[in-house]
Amino acid sequence: MEAEPQPAGFLTHARELANIVAPVTLVTALLLYFGYIGTRARLEYFGVYLDMTGLSNQDLVMSGLEVVYFPAAMIFLALLAGALVHGVVTWLLSAPHRDRETLVVAAITVTLGVLAIGRALIGLFNVEVSRVETPGTTPLALALGPLLVFYGVWIGWRVVQRQAAPDSRLLTWHASPPVRQVRLAALAAVAGLLVVGLFWAANSFAWAFGTGRAYEEAGNLANRPELIIDTKDRLAEPPAGVTETPLPGDGFTYRYTGLRLLIEADGRLYLVPAPWTVTSKTLIIAFDDEIRVQLIP
């Protein structure tokens, strides 16, 4: 028995759904990744490993929102600048009498690309350079260098192609299958380096953002609401800067002041003393009936 044909509208709706779900899934994955990197850097400054906190994916996605604004803005500005530059190049290529200026632009573009590749190689093979550089310098050089070289060669070839005779050996060689395969391989390599470099740059920025946020938090802990923690059992070695006070017998026997909340996750409070110093440490206690919490603005 032949299967009944599905309505034509079903495939249309399926394609529409796929067009919606795929970008949403990609954006969610990127937010989750950037949130993970930024939050990991922030917590490691306070001596906390992100993997032990049990933060949910929703928490990481929300953290990724604040990390992604700057990279997204830079990418769109770069696309706008690239469109403007390509418009100028297209205008130069539109008239043969501007071939000399076009070749100068091509030479400058290739030179900038080669310099960027050299800078990327220095950052790749010299750990000290990549450690102290502005976040994203090496990966952006790796992403843009090959692209500039490829684009500059393309500009120059357009001029050469227009000036060469139709039956020249150069054009015949360029159109041969082996050379075409080499061009496709080079284009794939350029695209791959662009993607890798951009992701690497975004990763570097997310880490720097998380570390910067940790510095800012550590310097402003005194301005955040204070937590007063009453416990039934005495805490072993509370962090420096935390004051312990015995309480009368009402079920809770000790009170601890001078603490600020870093995060709450998986039923645990991650508390830090204010002010935070290089010798400070993070206190982790279970958020259950064994403690009593008060907040002071």
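Looking only at distances, no side-chain donor or acceptor of Gln294 sits under 3.5 Å from a matching main-chain atom of Ile228. Thr211 places no side-chain N or O within 3.5 Å of a backbone atom of Ala208 that could act as its donor or acceptor partner. Of the possible polar contacts, one joining the Thr253 side chain to the Lys232 backbone as a donor-acceptor pair under 3.5 Å is found. Proximity of a side-chain donor or acceptor of Thr53 to a complementary backbone N or O of Leu50 within less than 3.5 Å is detected. Put simply, the side chain of Thr282 gets close to the backbone of Phe46: a donor and an acceptor are under 3.5 Å apart.
Classified by interplanar angle (parallel below 30°, tilted 30° to 60°, perpendicular above 60°), the ring pair Phe205/Phe209 is tilted. Ring orientation note: the planes of Trp276 and Tyr45 are tilted relative to one another, at an angle of 30° to 60°.
The shortest non-hydrogen separation linking Tyr151 to His86 is OH-ND1, 2.7 Å. Of all heavy-atom pairs between Met52 and Tyr270, the closest is O-OH, 3.4 Å. Of all the heavy atoms in Ala106 and Gly152, the pair that sits closest is CB-O, 3.4 Å. Closest of all the heavy-atom pairs between Pro238 and Tyr256 is CG-CE2, 4.2 Å. When every heavy atom of Ser204 is checked against every heavy atom of Pro139, the shortest pair comes out as OG-CG, 4.2 Å. In terms of heavy atoms, Leu247 sits closest to Arg292 at CD1-NH2, 4.3 Å.
Arg224 has a carboxylate O that lies under 4.0 Å from a charged side-chain N of Glu217, or vice versa, which qualifies the two as a salt bridge. In this structure, Arg119 pairs ionically with Glu133, as a charged nitrogen and a carboxylate oxygen lie closer than 4.0 Å. The existence of a salt bridge linking Glu44 and Arg40 is confirmed by a sub-4.0 Å separation between a basic side-chain nitrogen and an acidic carboxylate oxygen.
Under the 4.5 Å side-chain criterion, counting only non-hydrogen atoms from C-beta, Ile291 is in contact with Ile285. The closest side-chain heavy-atom distance from Thr39 to Leu43 is below 4.5 Å. Residues Pro275 and Leu221 have side chains not in contact (no heavy-atom distance under 4.5 Å, counting atoms from C-beta outward). Put simply, the side chain of Phe287 does not reach to within 4.5 Å of the side chain of Arg268, judged on heavy atoms. Looking only at side-chain heavy atoms (C-beta outward), Arg260 and Asn223 stay at 4.5 Å or farther from each other. With a 4.5 Å cut-off on side-chain heavy atoms, Ser280 and Pro239 do not count as touching. Taking 4.5 Å as the limit, some side-chain heavy atom of Leu269 sits within range of a side-chain heavy atom of Val293.
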inquiry  = Between Leu84 and Val88, does the side-chain contact (heavy atoms from CB on, under 4.5 Å) criterion hold? Intermediate values first, please.
reply    = CA-CA 6 Å; Leu84 293 176; Val88 173; 5.8 Å; no
Residue pair Tyr36, Asp51: steps toward the side-chain contact (heavy atoms from CB on, under 4.5 Å) verdict = CA-CA 10 Å; Tyr36 173 82; Asp51 295 334; 3.6 Å; yes
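Clustering ILVMFWY residues whenever any of their side-chain heavy atoms sit less than 4.5 angstrom apart, transitively, puts Trp200 in a cluster other than the one holding Leu144. Side-chain heavy atoms closer than 4.5 Å link hydrophobic residues (I, L, V, M, F, W, Y) into clusters, and following such links, possibly through other members, connects Val114 to Leu121. Both Leu283 and Leu227 are members of a single hydrophobic cluster when ILVMFWY side chains are connected at heavy-atom separations under 4.5 Å. Linking Ile, Leu, Val, Met, Phe, Trp and Tyr residues whenever their side-chain heavy atoms come within less than 4.5 Å leaves Ile155 and Val104 in two separate clusters. Hydrophobic clustering (side-chain heavy atoms under 4.5 Å, transitive across Ile, Leu, Val, Met, Phe, Trp, Tyr) keeps Leu79 apart from Leu198.
Residue Arg98 places its CZ atom among more than 12 non-hydrogen atoms of other residues, nucleotides or ligands, all under 6.0 Å distant. With a 6.0 Å radius and a threshold of 12 heavy atoms from other residues, nucleotides or ligands, Asp288 has its CG atom above the threshold.
If you take CG on Leu103 and CZ on Arg158, they are separated by 12.5 Å, rounding to the nearest 0.5 Å. Expressed to the nearest 0.5 Å, how far CZ of Arg183 lies from CZ of Phe150 amounts to 8.5 Å. With rounding to the nearest 0.5 angstrom, the CD1 atom of Ile122 is 9.0 Å from the OG1 atom of Thr138. We find the CG-OG1 distance between Leu259 and Thr243 to be 9.0 Å, quoted to the nearest 0.5 Å. The CZ atom of Arg255 sits 10.5 Å away from the CD1 atom of Ile229 when rounded to the nearest 0.5 Å. The CG atom of Leu92 lies 4.5 Å from the OG1 atom of Thr102; values are rounded to the nearest 0.5 Å.
Looking at Tyr33 and Asn203, their side chains do bring a donor and an acceptor atom within 3.5 Å of each other.
Partners of Pro96 by side-chain contact (heavy atoms from CB on, under 4.5 Å), not counting sequence neighbours, listed by chain and number: Asp99, Arg162.
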